[in-house]
Every structure is written in C-alpha cells, then in structure tokens.
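Treat the numbers as computed from the prediction; the structure is a model and nothing was measured. Reminder, nothing fancy here: chain letters follow the sequence lines and each chain counts from 1.
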Number of protein chains: 2
Amino acid sequence: MTRQYDRRKVTLKDVAAQVGVSHTTVSNAYIRPGQLSAALREKILAAAQELGYTGPDPAAKQLATGRAGALGFLFSEDLPYAFTDPAILSVLNGVARSCDERETDLALISAGSNLRNRTAPVSLGNAAVDGYILYSVAPDSRCVMMAQQRNVPLVVVDQPRLNGVPYVGIDDRGSAYRAAKTLLDLGHRHFGILSLKTAHDGYFGPLTAKRRDNIAHSTIAMRLEGYVLALQEAGIAPEDVPTWEIPINSEDMGAQGVRHLLNRAQRPTAILAMSDRVAIGAMQTIRALGLNIPQDVSIFGFDDIPAAEGADLSTIHQPHERKGTEAVRLLSAATGSNENVILETELVLRGSIGPAA
Amino acid sequence: MTRQYDRRKVTLKDVAAQVGVSHTTVSNAYIRPGQLSAALREKILAAAQELGYTGPDPAAKQLATGRAGALGFLFSEDLPYAFTDPAILSVLNGVARSCDERETDLALISAGSNLRNRTAPVSLGNAAVDGYILYSVAPDSRCVMMAQQRNVPLVVVDQPRLNGVPYVGIDDRGSAYRAAKTLLDLGHRHFGILSLKTAHDGYFGPLTAKRRDNIAHSTIAMRLEGYVLALQEAGIAPEDVPTWEIPINSEDMGAQGVRHLLNRAQRPTAILAMSDRVAIGAMQTIRALGLNIPQDVSIFGFDDIPAAEGADLSTIHQPHERKGTEAVRLLSAATGSNENVILETELVLRGSIGPAA
DNA sequence: TTGTAAGCGTTATCAA
DNA sequence: TTGATAACGCTTACAA
C-alpha cells in the first residue's frame, strides 16, 4: 500500500500543541476520560476533530500496551475451500460472534497453499494478534511450530492435540461408535466406510493397512476407531469392511468414492460416511445407480451441516458454533492452564437409514 | 489476553548481545540478508533460535515501517449472516486468494450489530490494516465516515459510490433490464417483483412510492430502475407491477414474500427476484401452491450463486470472486486515482423461465 | 560489512 | 488535574 496517504500524519502531539496541553493529556482524553475535566476533554476532542486526528494509531498503541486487540484464526485449508465448507463456516461464525462481543478483531489466516511446501505462511508470524485459534490443522504442519513459537496464547479446535495447549473438540470415537451401533441395531451386517483423508497426499483409493496405521488427523483416526470398534463388537472384522479414502471433503468426492464401495460382490447395505458432504454426494450416486435409500442402502453422515436436514440424512450433530465460541473463551481466559472442552454431540436420526433388507 | 506469556520477551537486542553484534545487524539478518555475510547471518539466526527469538515484533515493525501487511474487509451485515450468504462468501474468496498471493493478512470486520445503533465498530478504528474494502455498506452507515477518517486507502465494492474512492461493481441497472427484457420477449405481461431491502428498518411489505423514492442501497435502486425501464418500454406501468420488499436476503423471506405476489386477482406469470436466494425460496412456495415452473410462473433471479444451477434458475451471473480480486488490486495500486471497475455480467438462461401461458 | 542514532505514535509511571 | 520522561521493539538513513 502506498504511503502517500500519510501526508504528514496527525498525531497526539499535534493535537496537544493545538490545544496547548501535553500529549499525555490528550492520550488521557481518549483512554481515561475520568482523568481530566470534562471541559478540557471536550476542547481536546474538538481540536482533534478539526485537525483530522482519528484517534490513537493502532500500531503505536499496540506497541505501547502489548496487546493487539485481535486474534488469528488459522485454517489448515485453502481459504477458497474453507468458504465452501459449512462446518468451518459455522465454527467461524461462533468465533466471529464472540469476537464481536469482545470488540476484538478477527484475522483469517490460511495455511492452505503452504501445507504443500511445508512453509508456514509469512502472515502467521507477522499477524498482529494476541492469540491464535488453530482450526483442524495437520499435526505435522509447520504452522503448529510457528504458532507455538510466537509465544502467544493458543487454542486448538479439533486438531491436533498439543501438550499444554487448550483443546476444543468432540468425542469423535464415541460419536462414530454410536453411528455404527445405530446401523448395527437395525440389523445391518454389510458395511462400507467413506473415510476422509488420512494424509496430505491427495490419495483416492482403498484405505490400506499401512495408511490406516499412519493417520495424520486424529479426528479421522478416532472416527475410524469408533466405527471399527462397534463393528468388531458385532463380530465384523475390519478387513471385511471396505473402506474408501477421499482426499477432499466434498459432495463430488463422496459421489465418486461410494461407487467403489457399491461395486462389490457383497454390496454393503449400510454406508458410514465421515462427513455430511461426502454422505450427500454419495446419496446422489446411490440413487443414480437405481438404488433406494434406505430400502437398499442406509447411509449415515457426520457433522449435521444445514444441508443434512434437507437431504434427510441421519448424522452426528456437532455444535460447530460452540466450538468457535469456546475457543475464543479459552483464548481470552488464557489461564495458561490446559483446560480442554469436549462438547456433546447428538445422534440425529432421519430418513436415510432403515432396517437391513 | 493476558500478558503472562510475555515473560521477558526476547528482542532484537537480546540476540544482538548474544552474538556480539549491533542491533541493526540482527535486523538486517532478517530484512536484508544481502547486507551481511552468510556466515554471520547463520550465526545470528542460530542465536535467535536458541534464545527463542521469533522474529520482529509485528507492532514494532508496523510502527517503524508504517505498514501493517493486512487489509480489512468491512461487511455491512452481521458476520453470522455473512457466513450464510453465498455471494458474500464468493467475494471474500476472491479477496482471500489475492491476499494470499500478496502475503497480506485479512481482517474481517463486521459492521453488523452496529448498523442499528449507528455506532461504528471499535475495531474499525483500531484494526491494524493498510486499507479497507467496504463491501456493500449502507451509505448512511457511520462506518463509511470512520473508514474515510482513518486516512488509509479505501475501495468500495457494490455499495456505496463514494467520491474519490475506487469502486468495484457491476451494471446493476443494465443487468436487471436484460432480465426483465428476457421475460418480456417470452411474451410475459404480468409481472411481480421481489425486492431486497430499501432501508434498514426490517420492513416486509409492498414497496410503497415513498420507500421507492428513498432507497438506501444504490444497487437495489439500480436494479429496480432496470426492471421498471424494461417494463415501461413494453408499455407496462410501474404501478401495475406488484412489488414486495423483503428485509433479509434469504430463501425463507423469498418463500414468504412471493405469496403476496401470487395472491392477486391477476396473478403474475413472471417473477423478477433481486437475488437467487430469494428466487429459490420463492420457487418452493410456487410449487407448494401447486403451480408449475415455468408453465404457470416464470422466475428470474440475480447473482448466479452455486445453488442456482441446481435449482435450474435463470439468473444474472455476477463475477463475485473477481469483485474480490479487483478490490484487492485497486487497494494495492492505491494510485489515489479514482479508478472504477465495472465488471461484466452474463445472462444465464435455465429452466425457470418459459413462454407466457 | 557493520554500527550509531534518530525516529515511529503511543501508553505508563511518577512527580508536580 | 496535568505534565515530563521513559519505555515499547523495530527500521533506516547515514557514518565508519
């Protein structure tokens, strides 16, 4: 940005000179109105107005006070993707609301393009913020290190669990378990799983044993564990459950992935999808193949995004907005303690599931 | 945020002392790697690492250089609403991408709750930004004044036209004209208009003459003009075109508003909606009333949000993302000139329109 | 190639 | 109630 707007910026001093008081007094007029006579304050404010003084410079104020009055929200995804993801948006929503209440600014920082080359975004180190919310960031991301190095309060939402850093999340394993259990109780014995990415390599294909043992995202790992646990309890071996991994959480990927699950001699009667977007995409394919939901195939999502209701999709409701508000709260509290918040999820049963054929 | 993280913050000086060089040299190691020997630089960086120095403090840097490395995006809406509006999100998307390329941070600032009490958000004055993008802000909003007072570069997207401030937008009037003309060419003579809000009073009802003359949003005024112009050319008087005003751009409001248009002795055969969200909501109601689209009622939207395609809605395509990228470009250019960018729109014809019955 | 010194615009401390 | 003065941590001529 050019500096040509800075034509001799008006400062506290100018106002002070104009009124004939010290610059401290002018500062007080803004910061501590009680510290000077109302009359003088009026006079100062009037002079400021006249001179075009627009109030304390943020940078200077920040340097002097040590606080920025802003917090950073760090995505692990490209911003462009983030703005299409209803779940992220809901979290962001909660964050924004809380920031509003606290009169705190919100800086959006995307780690997106940087995940690939393992370089943290410049802005991460540069941003004038008092703390960071790390939202679903890959544990091996350089961002995590950089954020920790900045020596400001941190809060992690969903990903990853970090020692000494407050955490906001849900019981992914338990929630997944309940989803699988619900389908088992309906008599299903032939399952297929649509998994979200286990690594950042763009892999689209069956979840191999090797990949299963090296899952970068703890939420994904937990959900998988939950599914598998429930199935095992019912005597179904994990090897017998076709599991397809999808690199992007999108309807389109769900639509493509589910084909590979349905294309089998023993077609699954129940699909466990790790997200609603994936599930909704899958539903389109299922119907396009001439199968009925839930008569031929039951399907269970995860997240309870707004579109899930319209799609009549059974799912796990996550309190996305509260994740955001809790994160801001923890950041403000910043007790230095390691308070973790595990929010409750809810089983939402809709028309996408039914008894096994 | 607490300062307890500041346990004796490590500064340039500490690093300098450790290495045994001056203050400036350490600064150069970060800013101008070419100004010192590679060996020395290595040594300095190593010492910094060891001491836990995380790089120049953003506030101090900003104060010294005069630039923040961030820009502010100012919404006129509540953030919670903004995150549900596909059009806003697309613009934001473009902004975010451009910021990414320029390694610039992005601060989101909502004027939302403040429109009501006419108080500009504190953060607006406080945010450490080099410039603002005002996105579709009400002309009478205090935000506009405050933003101008900050004496930083400004760019307006959509709303309002400000003297001496670069503007990014579309030809709202011409686009609306084409929409209406398209329906006229299909033989329609009985129209209904679903208008977005003309003022911030939450009004839901017929657009009165008085309100029509006092439209706060220029884009709304222009679209209305475009519709009316086309209709007048076809010999249809504005008084004969029922027009319903809606306070919120949402599907739900569209669904409700259209009832009042269809509930008439002379039922319109064509509906002009000022947004796709409103149009999509209206389509639900139209069908719920047992009417067929387009056989009984044709409907035309505005925006071309992603959902418009699925809804098979004819509409005006706006290049939302480019609005964002252009805004950032103008802000960076900040020539001080008054460059305006009027982006092209496109008529998108889909199944929601057909010949008049 | 490195160092000196003067800001940048505030806030905060403490004395007047 | 008001005012010196000293930070705050950095960048940047300019000098060595």
- Going by the angle between their ring planes, with limits at 30° and 60°, are A:Y30 and A:Y53 parallel, tilted or perpendicular? perpendicular
- Query: Heavy-atom distance under 4.5 Å between the side chains of B:V341 and B:L330, does that happen here?
  - Reply: yes
- Task: Check if the side chain of B:T65 and the base of D:dT12 share a donor-acceptor pair of N or O atoms closer than 3.5 Å.
- Result: no
- Query: With no hydrogens and no angle check, do the side chains of A:S332 and A:R102 hold a donor and an acceptor under 3.5 Å apart?
  - Reply: yes
- Do A:H23 and D:dT2 share a donor-acceptor pair, side chain to base, under 3.5 Å? no
- Pair B:R329 + B:E101: basic N to acidic O under 4.0 Å: no
- Message: Using 0.5 Å steps for rounding, measure from the OG1 atom of B:T54 to the CG atom of B:L51.
- Response: 11.5 Å
- Go through residues 26-39 of chain B and report each residue with a non-hydrogen atom lying under 4.0 Å from DNA chain D, sorted by number. B:S27, B:I31, B:R32
- Message: For a quick test of reading the model: is some side-chain N or O of A:S22 closer than 4.0 Å to OP1 or OP2 of D:dA4?
- Response: no
- Side-chain contact, heavy-atom cut-off 4.5 Å: B:P160 with B:L162? yes
- Measure the angle between the two terminal helix axes of the helix from C:dT1-D:dA16 to C:dA16-D:dT1, five base pairs each, and quote it to 10°. 30°
- Item | Close approaches to DNA chain C from residues 40-63 of chain B, in residue order (heavy atom, under 4.0 Å) | B:L40, B:L63
- Report yes if at least one side-chain N or O of A:T24 is closer than 4.0 Å to OP1 or OP2 of D:dG3; otherwise report no. no
- Message: Output the rounded distance in Å from NZ (A:K13) to C1' (C:dG7).
- Response: 9 Å
- Message: Is there a side-chain contact between B:R32 and B:R41 in this structure, where contact means two heavy atoms from C-beta onward sitting under 4.5 Å apart?
- Response: no
- Task: For residues B:L74 and B:I133, determine if any side-chain heavy atom of one lies less than 4.5 Å from a side-chain heavy atom of the other.
- Result: no
- Message: Less than 4.5 Å apart, side chain to side chain, heavy atoms only: is that true for B:E326 and B:V155?
- Response: no
- Within-4.5 Å side-chain heavy-atom neighbours: A:L106 and A:L108: yes
- Task: Give A:T11 one of three labels, base, sugar-phosphate or nothing, depending on what nucleic acid heavy atoms sit under 4.0 Å from its own.
- Result: sugar-phosphate
- Query: Do A:D57 and B:L63 come close enough that some side-chain heavy atom pair is under 4.5 Å?
  - Reply: yes
